[in-house]
Amino acid sequence: MLGYFGPAGTFTHQALLTFSSDEAVPFATVAQALDAVRSGAVEAVLVPIENSVEGGVTVTLDTLANGKRLMITREVLLPVQFNLYARPGTALGDVRKVLTHPHAAAQVREWLAANLPLATVTEGGSTAGAAQEVADPASKFDAAVCAQVAGEMYGLEPVATEIADNPSAVTRFVLVSRPAEPPQRTGADKTTLVAYMHTDRAGALLEILEQFSGRGVSLCRIESRPTKTGIGNYCFSIDAEGHLRDPRVAEAMLGLHRICEDVIFLGSYARADGIRPVVARGFTDADFDAASDWYASLVNPD
């Protein structure tokens, strides 16, 4: 059985429905969802990991990096559009208190400032939870910023639609399971990992980056995250183009293992956008095979 960061009606739920119609279990927090995989309560869960406006979802990045190992096996990209929903009979001018999720609040901040300058915005656990709260006649909130699926689910009416400041906003979700053999490479893949430095010193990050650049591996994302062991101690959450089975990625991983205190492999999986990397001369599979054959001929000239 699958799970997801809930409740029902969230964008995560909507993303899950793009590839599975089976019954799934909602979890109140990302941490609870991932821990359910660790405990074996569910086979895998879908959680948000990155937004094109706000960047990485820190709770997902941190929970993946800590605790019993997990593995990403799939990603989903979902265009995100927000509406303002209220109880029937509410007009836009009546809205004084708005409830929504922090990421949603960030993505409609300009619209709210321009159209509801006197309204106060409270950030809660999820957009669907905000819709559920506003649906209660006794709620102190007048409206919720949420998806259409959540507004309709709780019997609300739209008082404004398509209110996102960036209409091209996209959220990236990942399907996380227990560690296993990675999916086969497709040629349009992504590898996610966390790299821990031995010490915070001049050039330490550059040394990590050189493991990728020296093998022709481009990065899709890199973010520093606190290790929670003291002020100034950071690790790096990284998405790299390519698959663990690609020779250039394999060599980069070996290089990281040599120079880092720890490297956590979080999975190689197909890119949702299907974009294939442009591999420079000298870094293709054939180039690595030719180099290996050449070296073997030096060691064993016969």
Side-chain angles (χ1 to χ4, degrees), residues 3 5 12 27-40 44-73 75 101-103 106 123 125 171-180 182 190-215 217-244 249-269:
F5 169 48
T12 311
F27 292 93
T29 67
V30 168
Q32 288 177 12
L34 294 175
D35 284 343
V37 178
R38 291 185 170 109
S39 70
V45 294
L46 193 73
V47 293
I49 194 170
E50 184 182 9
N51 180 268
S52 62
V53 176
E54 289 297 293
V57 180
T58 56
V59 65
T60 301
L61 298 177
D62 292 348
T63 309
L64 285 172
N66 296 284
K68 190 175 180 181
R69 295 292 179 257
L70 294 169
M71 179 176 287
I72 298 170
T73 60
E75 71 172 6
H101 183 269
H103 274 219
E123 299 176 356
T171 295
R172 173 176 164 234
F173 302 86
V174 289
L175 186 67
V176 181
S177 64
R178 289 177 292 281
K190 187 179 293 181
T191 293
T192 299
L193 60 101
V194 182
Y196 287 82
M197 300 180 295
H198 276 289
T199 57
D200 184 9
R201 58 176 176 78
L205 175 57
L206 176 60
E207 193 174 26
I208 289 174
L209 296 177
E210 286 176 338
Q211 305 310 310
F212 296 101
S213 64
R215 277 89 175 179
V217 178
S218 295
L219 301 186
C220 310
R221 179 188 60 83
I222 180 168
E223 297 183 53
S224 61
R225 296 297 307 148
T227 62
K228 299 177 174 52
T229 59
I231 292 293
N233 296 330
Y234 288 86
C235 60
F236 297 94
S237 177
I238 298 170
D239 289 333
E241 285 188 341
H243 193 283
L244 185 66
V249 176
E251 284 207 3
M253 293 291 288
L254 290 171
L256 288 173
H257 188 269
R258 288 195 301 270
I259 68 167
C260 292
E261 180 180 11
D262 192 14
V263 180
I264 299 175
F265 172 67
L266 288 174
S268 289
Y269 47 91

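Computed from a prediction, not measured in an experiment: that's the story for all the values here. Just so it is clear, the values below take in all heavy atoms, side chains as well, and ignore hydrogens, waters and symmetry mates.
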Rounded distance [0.5 Å steps], [atom1] in [X] versus [atom2] in [Y]:
X      : Y      : atom1 : atom2 : answer
Leu206 : Gln211 : CG    : CD    : 9.5 Å
Asn66  : Cys235 : CG    : SG    : 7.5 Å
Glu223 : Glu50  : CD    : CD    : 6.5 Å

Can you find a pair of side-chain heavy atoms, one from [X] and one from [Y], that are under 4.5 Å apart?
X      : Y      : value
Ile238 : Ile208 : yes
Asp239 : Arg172 : yes
Thr171 : His103 : no
His243 : Val249 : no
Ile49  : Ile72  : yes
Leu209 : Leu219 : yes

> Do Arg221 and Ser237 pass the side chain to side chain donor-acceptor pair (under 3.5 Å) test, and can you show the C-alpha distance, the side-chain angles, and the key distance before you say yes or no?
Replying inline: CA-CA 8 Å; Arg221 179 188 60 83; Ser237 177; 3.0 Å; yes
What closest approach, in Å, do [X] and [Y] show between heavy atoms, and which atom pair accounts for it?
X      : Y      : result
Ala240 : Phe212 : CB-CE2, 4.0 Å
Tyr234 : Met197 : O-CE, 3.7 Å
Phe27  : Gly3   : CE1-CA, 4.0 Å
Cys220 : Glu241 : SG-CG, 3.6 Å
Gly56  : Leu61  : CA-CD1, 4.2 Å
Pro48  : Phe5   : CD-CD2, 4.0 Å

>> The test is side chain to side chain contact (heavy atoms under 4.5 Å, CB included); show your working for Leu34 and Val45 and say whether it passes.
In response: CA-CA 7 Å; Leu34 294 175; Val45 294; 3.8 Å; yes
> Is there a donor-acceptor pair under 3.5 Å between the side chain of Ser39 and the backbone N or O of Ala36?
Replying inline: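 The answer is yes, because a donor-acceptor pair under 3.5 Å joins these two groups.
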>> With a 3.5 Å distance limit and no angle check, can you tell me whether Arg215 reaches the backbone of Ser213 through a side-chain donor-acceptor pair?
In response: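 Not a single qualifying donor-acceptor pair exists.
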> With Thr227, which residues qualify under side-chain hydrogen bond (donor to acceptor under 3.5 Å, both in side chains), at least two apart?
Replying inline: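 Expected list: Thr229.
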> How would you list all residue pairs meeting salt bridge (charged side-chain N to carboxylate O under 4.0 Å, His left out) that involve residues 27-38, not counting sequence neighbours?
Replying inline: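 Only Asp35-Arg38 qualify under salt bridge (charged side-chain N to carboxylate O under 4.0 Å, His left out).
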Donor-acceptor contacts under 3.5 Å from residues 250-268 side chains, at least two apart:
{"from": "Ser268", "atom 1": "OG", "to": "Thr191", "atom 2": "OG1", "distance (Å)": "2.6"}
{"from": "Ser268", "atom 1": "OG", "to": "Leu244", "atom 2": "N", "distance (Å)": "3.0"}

>> Applying side chain to side chain contact (heavy atoms under 4.5 Å, CB included) to Thr12 and Val47, what does each step give before you reach the verdict?
In response: CA-CA 6 Å; Thr12 311; Val47 293; 5.6 Å; no
